[in-house]
Amino acid sequence: MKTALSIAGSDSCGGAGIQADVKTMTMNGVYAMSAVTALTAQNTTGVRAVLETPPEFLREQLDAVFEDIFPDAVKIGMLPSAELVRTIAERLRYYQAKNIVVDPVMAATSGSALMGSGTAEVLANELFPIAALVTPNIPEAAVLSGVTIREEGDMLCAAKRIGDAFGCAVLLKGGHSSGAADDLLYADGGFRWFRGERIENPNTHGTGCTLSSAVASNLAKGFTLDEAVQRAKSYLSCALAAMLDLGKGAGPIEHAFALNGCFADKK
Ligand SMILES: Nc1ncnc2c1ncn2[C@@H]1O[C@H](COP(=O)(O)OP(=O)(O)OP(=O)(O)O)[C@@H](O)[C@H]1O
Ligand SMILES: Cc1ncc(CO)c(N)n1
């Protein structure tokens, strides 16, 4: 069985972070592992508290995983501090980790900040160059590129700037746009749109985590980058379209929509 590692924060309400990644990887047919960067006390309405993992303990988790079950892909999510970024970059280079997907998480869907100031620059410098794919949303791409993003032309410009500056492929997600949910891939000097209808569902907590870990899962299985993005987008759209409705804020999506076997049967 192919394997994938999520290096991310824990989301106590289960819709984003490590919990979303493990569910997504499992549903996409790979064996999921985790290295926790932070504990968050959060729910669908906001983040109440964050406890950062000490860098030496994150390193212990990474060594424990890589020395035993070498992951076929790595997804990186919430990184609250520059020190944690440097720890991960050093370990991933040491192990020559492959199929690295970096989701540059800056804030939760609820708006709460998840990254310390100054960390974005270190993240970009240290981790983007070793990534197979970087997946910013529109506000994150604006910070990383310095481009104000209002329309498709701005998305092209921002994705190219980030990709060219750090030598990585970029998937600029369109979830925060006012129109359709169209994502833009910039890879090997070329652009490709992954078009998606906007699904009328206010419950979008963890969509970014889900998309990036689905891409990582599909890279682990050997799909090309284009195929992995297309498959990930289809999985995400189905999980959103299942219309799960939990919590008082922007709720989580239905990661297990495809389970019809006896263990998932309703009473
Ligand atoms: N209402 C929607 N209908 C269809 N697709 C959506 C919708 N909202 C987001 N998406 C898709 O979800 C994926 C994640 O995009 P988004 O821009 O929401 O990421 P994000 O802000 O990082 O997510 P989050 O912070 O909520 O985890 C993209 O493929 C985007 O097109
Ligand atoms: C732990 C964690 N990672 C990422 C996100 C972004 O959705 C979140 N809300 N929580």
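Hydrogens, waters and symmetry mates are skipped; everything else that's a heavy atom, side chains included, is used. Computed from a predicted model, the values in this text were never measured in an experiment. All ligand and atom numbering here is 1-based and tracks the order in the structure.
With sequence neighbours left out, the ring-ring contact (aromatic ring centres under 6.0 Å, His included) criterion links Phe191 to Tyr186. Listed by chain and number, the residues in a side chain to side chain contact (heavy atoms under 4.5 Å, CB included) with Arg150 are Thr148, Asp154 (sequence neighbours excluded).
Of all the heavy atoms of Cys209, the ones lying under 4.0 Å from any atom of ligand 2 belong exclusively to the side chain.
Near Gly9, meaning under 4.0 Å from one of its heavy atoms, ligand 2 places the atoms 1 (C). Annotation for ligand 2: atoms under 4.0 Å from non-hydrogen atoms of Ala108 are 9 (N). Interface atoms of ligand 2 facing Ala16, defined by a heavy-atom separation under 4.0 Å, are 5 (C), 7 (O), 8 (C), 9 (N), 10 (N). Using a 4.0 Å cut-off to heavy atoms of Leu114, the atoms of ligand 2 that qualify are 4 (C), 5 (C), 8 (C), 9 (N), 10 (N).
Side chain of Asn203 to main chain of Leu244: a donor-acceptor pair is present (N/O by atom type, distance under 3.5 Å, no hydrogens or angles).
By the 6.0 Å contact criterion, CD on Glu60 is open, its count of non-hydrogen atoms from other residues, nucleotides or ligands being 12 or less.
For ligand 2, none of its N or O atoms has an N or O atom of Thr40 under 3.5 Å away.
Nearest non-hydrogen protein atom to atom 26 (O) of ligand 1 is Thr109 OG1, 2.5 Å.
A cation-pi arrangement, defined by a distance under 6.0 Å to the six-membered ring centre and an angle within 45 degrees of its axis, is present between Arg231 and Phe223.
Relative ring orientation between Phe166 and Phe128 is described as perpendicular, the plane-to-plane angle rising above 60° on a 0-90° scale split at 30° and 60°.
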